[in-house]
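Everything quoted here is computed from the prediction, not taken from an experiment. Reckoned from all heavy atoms, side chains included, excluding hydrogens, waters and symmetry mates. All residue numbers refer to positions in the sequence shown, counting from 1.
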Amino acid sequence: MTRAPWVTHFGFTCTPFSKTIPAKDLLDRASHQEAVARIRFCIAESSLGVVTGEVGVGKTVALRAAVSQLDQAAHHIVYLANPTVGIRGLYVTIVRALGAVPRGFKAELIAQAHDLLAAEEHERRRRVVLLVDEAHLLEPQQLEELRLLTSAEMDAQSPLALLLVGQPTLARQLRMGVFAALDQRVATRYQIAPMDLAESAKYLQHHLALAGRNDPLLADDAIAQLHKASLRLPRALNNAAIAALIAATTAGKALVDDDCAKKAVAELTRD
């Protein structure tokens with residue numbers, strides 16, 4: 001495989017800041033650890049949890065980390081990446097994930113989903129974990145259906161653990177009076193915070209070390225520049241760091257200095 005010039009220039013063993021980094025190798029910053037702990041709690045209790053945060057703060061990363069720690073034989077993960085599929089799409093996703101062919105009529109489909117969920121819990125002794133990403137895009141009718149799913153046994157026990165993960169507007173939406181019945185079922189809610197400067201510096205060093213470089217490659221003033229430009233968000237910091245490394249490679253430098261960081265920021269922020 002041909003490597004990018006900047007990867008070769010810095011002698012990386014792999015491309016840093018990649019999306020394919022295993023969950024076990026991700027940096028455990030405090031807010032991320034707290035989010036994972038809340039998610040694990042909801043799964044253990046078969047309850048409803050809400051995790052929010054700005055775009056690129058690491059919500060899906062927290063989901064990956066939490067799920068990677070589960071006993072796969074005792075859990076059945078159902079992941080809905082895009083909830084803009086309507087009510088029927090919601091149930092079709094659940095039914096297909098549980099290994100069945102969705103029935104045609106809506107009433108039959110809903111009954112089928114409930115039967116499959118009950119079978120997983122009582123017959124196979126597996127806990128179904130429904131992870132709804134981008135949950136701020138859920139329609140009001142879908143939220144009501146999710147409430148009904150969590151109260152299938154007259155409030156005695158939920159047939160699944162449900163995690164709603166989305167942007168901060170999700171938390172505000174759930175607190176609207178029309179969603180009071182669902183909001184009251186939320187066992188835990190948590191908003192993942194952006195990184196402070198020290199966390200950004202640690203994050204950058206951690207990812208560079210994963211790529212084989214344990215020595216400092218970024219000057220302190222460059223880190224401060226990238227931290228500010230990324231709005232303290234990991235995904236944006238990944239992009240800014242790569243742009244700065246490319247700028248340093250183009251200039252023939254072995255260290256990302258303030259000038260390289262400024263060039264990267266200008267490249268990422270121009271219209």
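Residues Arg147 and Glu144 are paired through a salt bridge, judged by an N-O separation under 4.0 Å between the basic side chain and the carboxylate. No salt bridge links Glu267 with Lys263; every basic N to acidic carboxylate O contact stays at or beyond 4.0 Å. Here Arg29 does not pair with Asp196 in a salt bridge; the nearest charged N to carboxylate O distance is not below 4.0 Å.
Here CG of Asp183 is found 11.0 Å from CD of Gln173. Values are rounded to the nearest 0.5 Å. From Leu208, atom CG reaches atom CG of Asp215 across 9.0 Å, with rounding to the nearest 0.5 Å. Atom CG of Leu160 sits about 9.5 Å away from atom NE2 of His114, to the nearest 0.5 Å. Put simply, CZ on Arg185 and CG on Leu146 are 11.5 Å apart, with the number rounded to the nearest 0.5 Å. With rounding to the nearest 0.5 angstrom, the NZ atom of Lys19 is 9.5 Å from the CG atom of Asn238. Between atom NE2 of residue His32 and atom CG of residue Leu27 there is a gap of 8.5 Å, rounded to the nearest 0.5 Å.
Within a 6.0 Å sphere centred on CG of Asp220, heavy atoms belonging to other residues, nucleotides or ligands number 12 at most. Within 6.0 Å of atom NZ in Lys262, 12 or fewer heavy atoms from other residues, nucleotides or ligands are found, so the atom counts as exposed in its surroundings.
Contact of the Asp258 side chain with the Gln225 side chain is registered, since non-hydrogen atoms from C-beta on lie closer than 4.5 Å. Leu116 has its side chain within reach of Val95: a pair of non-hydrogen atoms, C-beta onward, lies under 4.5 Å apart. For the pair Val7/Leu245, no side-chain contact is recorded, criterion being any heavy-atom separation below 4.5 Å from C-beta on. No side-chain heavy atom of Val36 sits under 4.5 Å from any side-chain heavy atom of Tyr190. When side chains are defined from C-beta on, Lys106 counts as touching Ile87, because their heavy atoms get closer than 4.5 Å. Taking the side chain as every heavy atom from C-beta outward, Arg235 and Val55 approach each other to under 4.5 Å.
Nearest heavy-atom pair, Arg3 versus Phe12, reported as atom, atom and distance to 0.1 Å: NH1-O, 2.5 Å. Between Val67 and Ile77, the closest heavy-atom pair is CG1-CG1, 4.0 Å. Residue Pro83 comes nearest to Ala81 through the heavy atom pair CD-O, 4.0 Å, listed as atom of the first residue, atom of the second, then distance. The shortest heavy-atom contact between Pro216 and Leu255 is O-CD1, 3.9 Å. The two residues Cys42 and Gly49 come nearest to each other via the heavy atoms SG-CA, 3.4 Å. Taking both residues in full, the closest heavy atoms of Pro22 and Arg64 are given as C-NH2, 3.9 Å, listed atom of the first, atom of the second, then distance.
Here the side chain of Arg127 pairs a donor or acceptor atom with the backbone of Ala44 at under 3.5 angstrom. Side chain of Ser31 to main chain of Ala193: a donor-acceptor pair is present (N/O by atom type, distance under 3.5 Å, no hydrogens or angles). With Gln205 contributing its side chain and Asn214 its backbone, the two residues share a donor-acceptor pair below 3.5 Å. In this structure, Arg126 contributes its side chain and His75 its backbone to a donor-acceptor pair below 3.5 Å. For His9 (side chain) and Lys253 (main-chain N/O), a donor-acceptor pair under 3.5 Å exists by modelled atom type. Proximity of a side-chain donor or acceptor of His76 to a complementary backbone N or O of Leu117 within less than 3.5 Å is not detected. Remark: the backbone N or O of Leu70 is paired with a side-chain donor or acceptor of Gln72 at under 3.5 angstrom. In this structure, Arg213 contributes its side chain and Phe10 its backbone to a donor-acceptor pair below 3.5 Å. Between the Gln142 side chain and the Gly86 main chain, a donor and an acceptor come within less than 3.5 Å of each other. Judged by distance alone, the side chain of Glu121 and the main-chain N or O of Ser158 form no donor-acceptor pair under 3.5 Å.
By the rule that hydrophobic residues join a cluster once side-chain heavy atoms approach within less than 4.5 Å of another member, Ile192 and Leu237 end up as members of separate clusters. Each of Leu63 and Leu164 belongs to its own hydrophobic cluster when Ile, Leu, Val, Met, Phe, Trp and Tyr are linked at side-chain heavy-atom distances under 4.5 angstrom. Residues Phe17 and Ile21 do not share a hydrophobic cluster, defined by chaining ILVMFWY side chains whose heavy atoms lie under 4.5 Å apart. Hydrophobic clustering keeps Val132 apart from Val165 (ILVMFWY residues linked when any side-chain heavy atoms are closer than 4.5 Å, directly or through intermediates). No single ILVMFWY cluster, assembled from side-chain heavy atoms under 4.5 Å apart, contains both Tyr79 and Val92.
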Checking Arg175 against Arg189 for the side-chain contact (heavy atoms from CB on, under 4.5 Å) test, could you report, in this order, the C-alpha distance in whole Å, the side-chain angles of both residues, the deciding distance, and whether it holds? CA-CA 12 Å; Arg175 287 194 169 91; Arg189 62 192 83 212; 3.3 Å; yes

Using the side-chain contact (heavy atoms from CB on, under 4.5 Å) rule, take Leu174 and Leu143 through it: C-alpha gap first, then chi angles, then the decisive distance, then the call. CA-CA 9 Å; Leu174 291 177; Leu143 287 169; 4.3 Å; yes

Assess the residue pair Ile223 and Tyr203 against the criterion (side-chain contact (heavy atoms from CB on, under 4.5 Å)); give the C-alpha distance rounded to whole Å, side-chain angles, the decisive distance to 0.1 Å, and a yes or no. CA-CA 10 Å; Ile223 292 174; Tyr203 179 91; over 6 Å; no

Does Ile246 form a side-chain contact (heavy atoms from CB on, under 4.5 Å) with Ile242? I'd like the steps, not just the answer. CA-CA 6 Å; Ile246 292 173; Ile242 290 172; 3.9 Å; yes

